[in-house]
Structures are given as C-alpha cells and as structure tokens.
2 protein chains.
Amino acid sequence: MNIVHFLCTEIDFMGTIERKAREKEELKALILKAARKLFVEKGIGQTTIRNIADSIDYSIGTVYVYFRDKNEILHALHTQGFVDLGGQLKVLFNVKDPMERLKAMGKVYITYGLNNPEMYDLMFILKAPMEFLETIQKDEWDEGKASFDSLRTTVKQCMDAGHFKGHKLDPLCFLIWSCIHGMCSLEIGSRTKNANIKNPENIVTDAYDEFLIIISNL
Amino acid sequence: MNIVHFLCTEIDFMGTIERKAREKEELKALILKAARKLFVEKGIGQTTIRNIADSIDYSIGTVYVYFRDKNEILHALHTQGFVDLGGQLKVLFNVKDPMERLKAMGKVYITYGLNNPEMYDLMFILKAPMEFLETIQKDEWDEGKASFDSLRTTVKQCMDAGHFKGHKLDPLCFLIWSCIHGMCSLEIGSRTKNANIKNPENIVTDAYDEFLIIISNL
DNA sequence: CAAAGAAAATGAACAATGTTCATTTTTCAA
DNA sequence: TTGAAAAATGAACATTGTTCATTTTCTTTG
C-alpha cells in the first residue's frame, strides 16, 4: 500500500483495511481457541503446532504468520487467563467487608485453578523457555500484577479493620498466596502427575475450610 | 553365561561378576551425577541426552544401555531427592517437642527447596510425560510417602499435645504442606520464570516467620 | 598366548517437533 | 481483466529422543 494507492482509493480505503484487520484478529483468535482446546484435551506438552493447524484446517506456516513461535501462543493464553481471573477477582470488590472479600477471593482463585488446570499451569506453574521470559513486556504483566494487588489491597483493609495484628503486610500476603497456590498446584499435580497417589476427595475444600477458620481468628 | 561356563569357572566366577556389577553401578551413578550437574547448570528442559553423554565422554547409545529413556533418569534423580530430603526430615525426630519439630521440618523443607531448585522442580513441580507416571512402582514412592508421613505424625503429636484444637488432621496437614510448598514454588518460579518480576529479598524467610507465629498460636 | 564368545559401547539412522522461507494462491484496486 | 500486494502453503532444516545393527573391548578357555 503505497502513496499512489492511498490517494486513489480514498473511498472504501478504510472499509477494506478495517475488514482485513478484523479478519486477522479473527484468525488469531481462532488459533488461540484451538490451541486452548487442545491444551485442555491433551495437555500443553502434547499439543504440537501441527495439531493446532490441523484442527482449524490451516497449514503449519499460517500459524507462524500469526504467531512468532509457540511461546507467543502460550503467552497470549497466559494473558487471557490473567484477564479472566483478574476480572473475577475485581468483581469481588463489591463485597465491602474486607475479611469476607478475602475469603471469597481465595474461593474464586481455587475454583478457577481447579476448573482450568491447564490454564493455571500456564499462568503459575509452567516454566517457559528463556526466550519467552525475555519478551514479556511490563504492561503485559499488568493483569498479573493487578491480581496480586487485589489481594494486597484487601489484606491491607483487613489490617486497617483490626485483623492480623502483629503481622507484616507483604510477608502475610505472600504467605496467603502461597497457601492458596500451594493447594491448587498440589491438587492439580496429584490429578495429572502421579495417577497412583491421588489426593483424598475434597481435600482442597476441607483444607480451605481450615484456612478460613485460621484467618478468621487472626 | 551358560551352564558350561558356570561349571568351569567356579573359582573367580563371583569376583568378576561382582566387579562387573559394581562397574555397572558406577557408570550408572556417573551418568546420574552428570545429569544432575547439567540440570542445575542449564535447567532440566535444556539438558539433552547428548549433553549428558558428551559431558562424561561416552556415546549417546551408552546412556541408553543404562537407562531406558530420559524419564528413567529423571525418575532416578527423583528418588535420590526424596531419599535426601526424607533423611533430613527423619533426623528431626530427635526433637521431642512436636511443635518445635514441625517448625524445624518447615525450615528444612524450605531450605532444601531453595538450595536445590532443580531437584525441587523434579520432585514436586514437573509433570513428566505419561510413560513416566505409569512406570512408578509403589515401593519407589515409599520415600515420598515417608516425607508426608513425617509431617502427619508430627501434626498428630501436636494435636495430642493440645494444639490445633478444632482442626481436622488430614486437611490441616494438606494446608500446612500447601503453605510450605507454595512458598517454595512461588520463590523458585520467581527466580527462573519471570526475571523481571522478582520477589523481594528474604520474602520467604519473612513469610515463614509469619507462618511460625500463626501455628504457634493454634 | 590365541581365539572364540560374551558383554559393552558406539554412532548412524529414524521419528517427532519447532521453525523458516521460497513459492503458490488469493484478494482487490485499477 | 490484470498485476501487485497480502495471505497461505508445505517442503525442508535443526534439534532431540530413541533404536539397533555393528564394532570394540573384555573374559574365559584350550
């Protein structure tokens, strides 16, 4: 698209350009949707680019037109996951009592993790190769940070309301997040990692109940 | 080695056989040592069988004479790790006060994890492919189970001593393990996963202090 | 010590996968 | 209709896990 073209096609110029842009976005979204579906079905490690391409009837090369490499696909889904979980956590700010909100946040986080184990893996467990790490931009992590900030803000409000006396804000936040994350990752691991050593049914629910009792009394 | 050989070589039969067996064990141990070194240096995912073979001046094929596949190497190191950590935990049974022992166990566990992040990854985080999971034998998991049993026994003794009133044993054990595991995996992840979002210095130590305060008062 | 047979070690070769890029096909303004 | 830009393609390459026929080394025996 050079200057001559630009001058001569003023009329439907924007229409076509915009449609093309939209189609590009749509195919990008289609690839991501297919990738996510396969990740859930057969696991991230077992999903190949060829699988993704085949499942949407495009060639391998096309996938590489829309995503630089496999990591960029992981990265895009990673972002989707944080937007999704972060959104669910934001909604909880309608709960005014910070202690109640904190309890609800834990519940939402755990539910998200156990219902979307592959996404949870991608977001919090999987170590992507070096290249992936280096391409992460500050603003692309904002959603991830926002989730942690939701927790931090809520714990701060709990302290202001007289809870958690004798505890330090940031270490306590890290401890709480560790608890919740630990439960999710141990449970997800027990489901997929060692099929012969399964956690007891409802162990996470029961442990979370213990967690609620403990923080209620702090 | 057929019947004829057996009958004719009675004298140094055992000597040679034993030496051969020992040499086999030594080479197996050498391969594992090299694998572990490379895992620590460049990460598990970045270490190839060729790397391992090269580093000890053997051919690729030789590695496959001693280990069926890469998973068997991971599996052997996995076992080593559990023996090591489990041994450290067992020593703590010299501490008679169960609450003090529980606190010490957390410290030992965390120290092990942060000092041996690649091993910790292998033992508690990494999801190995299906084949690996299926080859795990019950008795090979005894060391892993023993570690959890150490925790369970200790928490039980705490309860018998009057602690943790109103809590259930197994969910509480799972919660405690989740806390400790969560701290380790978040810290290990923050060191390797996203280089630009590092945890604050000493966050694990500080959070573990909060943990100690909390369980002391339960 | 020499030779045969067993054990160990080897590395070429294959399959699967991520990735690249020259080529082909499609689209669209002129 | 046509030619250039955009999009799609898939052959081909590099890497890695893995296999196995062949070679080398070791051990026993005559």
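The shown structure was predicted, so the numbers you read here are calculated from the model rather than taken from an experiment. For the numbers below, each heavy atom of this structure counts, side chains included, while hydrogens, waters and symmetry mates do not. Just so it is clear: chains get the letters A, B, ... in the order the sequence lines come, proteins before strands, and each one is counted from 1.
Across the protein-nucleic acid pair, B:I52 atom CD1 and D:dT16 atom C1' stand 12 Å apart, rounded to whole Å. B:R68 has its CZ atom 14 Å from the C1' atom of D:dT19, to the nearest Å. Per the geometry, CG belonging to B:D69 stands 7 Å off P belonging to D:dT19, to the nearest Å. Atom CD in B:E72 sits about 14 Å away from atom C1' in D:dT18, given to the nearest Å. When rounded to the nearest whole Å, the span between CD of A:E23 and P of C:dT27 equals 9 Å. Rounded to whole Å, atom P of D:dA7 lies 13 Å from atom CD of A:E26.
Under 3.5 Å, the side chains of B:S150 and B:S147 contain no donor-acceptor pair of N or O atoms.
Between B:I44 and B:K70 the shortest heavy-atom distance is O-NZ, 3.9 Å. The two residues B:A53 and B:V63 make their nearest non-hydrogen contact at CB-CG2, 3.9 Å. Closest non-hydrogen pair, A:K42 versus A:N51, comes out as NZ-ND2, 3.0 Å. Taking each heavy atom of B:V155 and B:L172 in turn, the nearest pair found is CG1-CD2, 4.2 Å.
Where the helix from C:dC1-D:dG30 to C:dA30-D:dT1 starts and where it ends, the local axes point in directions that differ by 20°; five pairs per end, rounded to 10°.
Within the nucleic acid shown, A:Y66 comes within 4.0 Å of sugar-phosphate atoms alone, with no base atom in reach, counting heavy atoms only. Using a 4.0 Å heavy-atom distance criterion, A:I73 is classed as making no nucleic acid contact.
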For a quick test of your reading: what N or O donor-acceptor pairs under 3.5 Å do the side chains of residues 175-185 of chain B make, sequence neighbours left out?
| from | atom 1 | to | atom 2 | distance (Å) |
| --- | --- | --- | --- | --- |
| B:W177 | NE1 | B:Y109 | OH | 3.0 |
| B:S178 | OG | A:M183 | N | 3.4 |
| B:S178 | OG | B:F174 | O | 2.8 |
| B:H181 | ND1 | B:Y120 | OH | 2.6 |
| B:H181 | NE2 | A:S185 | OG | 3.4 |
| B:S185 | OG | A:H181 | NE2 | 3.4 |
| B:S185 | OG | B:H181 | O | 2.9 |
| B:S185 | OG | B:G182 | O | 3.4 |

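In this structure the side chain of A:E72 never reaches within 4.5 angstrom of the side chain of A:Y66, judged on heavy atoms. A 4.5 Å side-chain heavy-atom check between B:R36 and B:M119 finds at least one atom pair inside the cut-off. The side-chain heavy atoms of B:V65 and B:Y58, taken from C-beta on, include no pair separated by under 4.5 Å.
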Summary of protein contacts for nucleotides 10-17 of chain C, nucleotide by nucleotide, where a base hit scores B, a sugar-phosphate-only hit scores S (4.0 Å, heavy atoms): BB-B---B

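Residue A:Y64 places none of its side-chain N or O atoms closer than 4.0 Å to OP1 or OP2 of C:dT20.
Within residues 29-45 of chain B, no residue approaches DNA chain D, by heavy-atom distance under 4.0 Å.
When the side chain to side chain contact (heavy atoms under 4.5 Å, CB included) test is applied to A:K168, the partners found at least two apart in sequence or on another chain are A:P171, B:E210. Not counting sequence neighbours, the partners of B:K37 by the side chain to side chain contact (heavy atoms under 4.5 Å, CB included) test are B:E41.
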